[in-house]
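These notes concern the structure reproduced below.
Order of the sequence lines sets the chain letters (A, B, ...), proteins ahead of strands, with each chain counted from 1.
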2 protein chains.
Amino acid sequence: MSDSIARFRRFARAVTAEVGALDTSFLGRGRPLGAARVVNAIGAGRTDVAEIRAYLDLDSGLMSRLLRSLEDEGLLTTEPHPDDARRRVARLTEAGQREYAAYEDLSDARASALLARAPRAEELLRAMDLVALTLGRDRFAIEEVDPRSEAARTCLQAYYAELARRLKTGFDVKLSRDPEAQAMIRPRGAFLLATADGLPVGCVGLKGRGGPVAEIKRLWIDPAARGFGLARQLMEAVEAAARDLSIAVLRLDTNSALPEALALYRKAGWVEIDRFNDDPYPDHFFEKVL
Amino acid sequence: MSDSIARFRRFARAVTAEVGALDTSFLGRGRPLGAARVVNAIGAGRTDVAEIRAYLDLDSGLMSRLLRSLEDEGLLTTEPHPDDARRRVARLTEAGQREYAAYEDLSDARASALLARAPRAEELLRAMDLVALTLGRDRFAIEEVDPRSEAARTCLQAYYAELARRLKTGFDVKLSRDPEAQAMIRPRGAFLLATADGLPVGCVGLKGRGGPVAEIKRLWIDPAARGFGLARQLMEAVEAAARDLSIAVLRLDTNSALPEALALYRKAGWVEIDRFNDDPYPDHFFEKVL
DNA sequence: CATAATAGCTGACTTTAGTCAGGCATTATG
DNA sequence: CATAATGCCTGACTAAAGTCAGCTATTATG
């Protein structure tokens with residue numbers, strides 16, 4: 001398949017040009033690229049000098065000089081790290097934050113200009129998601145969030161939409177047993193969100209009733225994030241959360257129109273049991289003793 | 001949709017890291033990036049010095065010095081352009097070709113390493129195609145080729161596969177009137193191939209019988225290249241080719257399962273006519289007087 | 001508590017990239 | 001055929017990036 005390599009490389013050429021153009025636009029703010037990158041790294045939350053150095057792959061001497069020049073410009077201040085006075089942390093001043101915002105605006109403007117001229121923007125974004133997640137040096141992060149948070153709701157909406165698409169019967173949340181949020185918040189339950197580079201890419205809910213039995217609900221992975229073992233990671237994380245909440249037995253229901261989910265549960269040691277609710281959508285029921 | 005911007009930018013971060021890593025790997029061959037880029041540009045077929053300069057956006061002084069240093073290394077030779085002695089053309093020596101091959105190997109290795117770790121490589125490539133074509137600074141090129149050439153056959157295979165997928169009846173080339181290649185080669189007809197950055201992305205055939213009436217066949221556009229008006233461009237090009245061959249009347253048949261094709265023909269001034277063949281697949285017939 | 005390791009800083013570099021004015025052939029143009 | 005324009009070259013820069021040895025202050029370790 002040398003053709004795949006040619007296709008990959010056509011892609012690489014196209015994005016190289018795009019990346020170069022963005023760098024050039026950064027120069028427009030009268031500061032060399034190295035300094036601009038430092039401002040952006042700090043603005044993005046990388047405050048530890050060593051961390052920035054590792055991220056940007058800079059020599060310590062060069063890093064030091066860049067910090068000094070940005071300090072002279074009044075864009076940042078440095079101070080010793082509270083836990084270790086050998087290390088330093090950098091912080092943007094107000095002027096620095098304005099500069100960072102200006103760089104962000106440049107990037108945002110490029111992004112929206114490009115999206116605007118794309119004939120099928122949503123399809124393009126899905127493609128970009130897949131590429132970003134495959135190339136991504138950051139792996140996935142899993143955190144516990146409120147199921148009513150915006151990120152959680154984004155995932156849930158996508159989950160409902162996918163069920164509606166894939167179940168032969170369609171899917172209407174109102175007809176299903178929609179767990180109220182409290183059941184998926186500690187101390188009764190939990191709701192886990194998986195993110196990649198800050199954007200939500202998957203979720204799973206643990207719906208408890210205060211007793212030793214709880215249910216796994218709403219396991220969903222962004223199509224672009226499938227194939228990386230994220231569902232398994234989320235399931236492991238939610239089982240850990242359940243143990244933490246002293247849950248002894250986990251249950252879940254699912255539908256045979258979702259074969260990848262069935263396969264996952266079977267492989268992860270879940271055993272099939274009889275129907276335990278009268279929800280109209282599921283046709284398979286599983287249990288796992290922790 | 002500020003979320004789209006966030007998604008775009010996650011993509012940009014991921015590919016920036018990837019691009020940077022490739023550049024770094026180029027440095028491993030003991031030559032600054034500028035010089036490496038020149039070697040690659042020439043290796044890729046850009047021999048004219050002015051053309052390389054425009055492509056890499058280099059100052060004439062800098063370009064000159066890079067050429068000189070590569071000449072000193074024995075990687076290339078320059079000579080005056082045969083048509084215009086002010087211009088120069090650069091040519092890689094054998095040593096230069098070996099260096100170019102080494103750079104190509106580095107790129108290929110990165111590409112295949114990345115593709116190997118992608119869980120769904122074909123889906124990833126489709127995504128990359130779409131991104132590359134949307135960002136691509138090079139627009140499409142249309143050229144006349146032999147319908148039996150490899151690139152043409154790639155398109156035709158994809159065309160047949162798509163018909164098989166989209167027609168309710170399925171599609172079997174053998175049951176259709178497959179024009180023999182001679183009918184799509186001058187002087188009887190023509191076959192046009194659209195490429196993007198060297199890779200085939202669409203085709204159209206003009207099937208003539210020597211008389212004033214000819215048929216348009218095999219119009220196909222790579223899904224990743226749809227929405228850019230390429231079908232219209234190909235139709236215009238094939239009409240021009242038909243005029244060039246003194247064709248007076250063009251005909252074509254198509255199927256209502258391909259609504260975008262029907263819309264295109266109607267918009268381009270084609271008028272619907274009665275069935276003019278007994279091919280089992282088409283259910284719509286069009287004509288255009290040139 | 002002496003010693004080693006770590007994080008960052010400074011000075012003194014080199015290399016790479018980029019800029020600009022002027023020059024020399026060569027080619028186009030009125 | 002004089003003049004202008006073009007394409008490339010050279011010299012003489014400046015700016016940015018990257019390297020390296022040695023320094024100081026701090027923290028970890030046996």
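- Using a 4.5 Å heavy-atom cutoff, the side chains of B/Arg120 and A/Leu130 are in contact.
- Between A/Arg126 and A/Glu123 there is no salt bridge, since none of the side-chain N atoms of the basic residue sits less than 4.0 Å from a carboxylate O of the acidic one.
- Regarding contacts with the backbone of C/dC9, a side-chain N or O of A/Arg68 is found under 4.0 angstrom from either OP1 or OP2.
- One interatomic measurement links the two molecules: CD of A/Glu71 to C1' of C/dG8, which rounds to 12 Å at whole-angstrom precision.
- Ring orientation note: the planes of B/Phe140 and B/Phe228 are tilted relative to one another, at an angle of 30° to 60°.
- The two residues B/Leu27 and B/Arg31 have their closest heavy-atom pair at CD2-O, 3.6 Å.
- Distance CE (A/Met63) to P (C/dT10): 13 Å, rounded to an integer number of Å.
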Between B/Arg10 and A/Leu133, does the side chain to side chain contact (heavy atoms under 4.5 Å, CB included) criterion hold? Intermediate values first, please. CA-CA 9 Å; B/Arg10 170 173 67 181; A/Leu133 294 175; 3.9 Å; yes

Can you name the atoms? Protein N/O to nucleotides 27-30 of chain C N/O, anything below 3.5 Å, with the distance.
| unit_1 | atom_1 | unit_2 | atom_2 | d |
| --- | --- | --- | --- | --- |
| C/dT27 | OP1 | B/Ala85 | N | 2.9 |
| C/dT27 | O4' | B/Arg86 | NE | 3.4 |

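- Distance, A/Glu79 CD to C/dG8 C1': 15 Å, rounded to whole Å.
- Between the CZ atom of B/Arg37 and the P atom of C/dT16 there is a distance of 14 Å, given to the nearest Å.
- Remark: the B/Arg65 side chain and the C/dG18 base include no donor-acceptor N/O pair separated by less than 3.5 Å.
- If you measure from atom CG of B/Leu67 to atom C1' of D/dC9, you get 11 Å, rounded to the nearest angstrom.
- Rounded to a whole Å, the CG atom of B/Leu27 is 10 Å from the C1' atom of C/dT16.
- Place B/Asp59 and A/Ala50 on DNA chain C by their nearest nucleotides, and A/Ala50 ends up nearer the 5' end.
- Salt bridge status for B/Glu104 with A/Arg9: present, with a side-chain N to carboxylate O gap under 4.0 Å.
- Using a 4.0 Å cut-off between charged nitrogen and carboxylate oxygen, A/Asp244 and A/Arg186 count as a salt-bridge pair.
- Rounding to whole angstrom units, CZ of residue B/Phe26 and C1' of C/dA17 are separated by 18 Å.
- Counting only heavy atoms from C-beta on, A/Leu62 has its side chain closest to D/dG18 among D/dG18, C/dC9, C/dG8.
- Residues B/Gly61 and B/Leu66 each lie close to DNA chain C; by heavy-atom proximity, the contact nearer the 5' end of the strand is made by B/Leu66.
- One can place CZ of A/Arg53 at 13 Å from P of C/dT6, the figure rounded to the nearest angstrom.
- With the nearest nucleotide of DNA chain D identified for both A/Leu33 and B/Val49, B/Val49 has the one nearer the 5' end.
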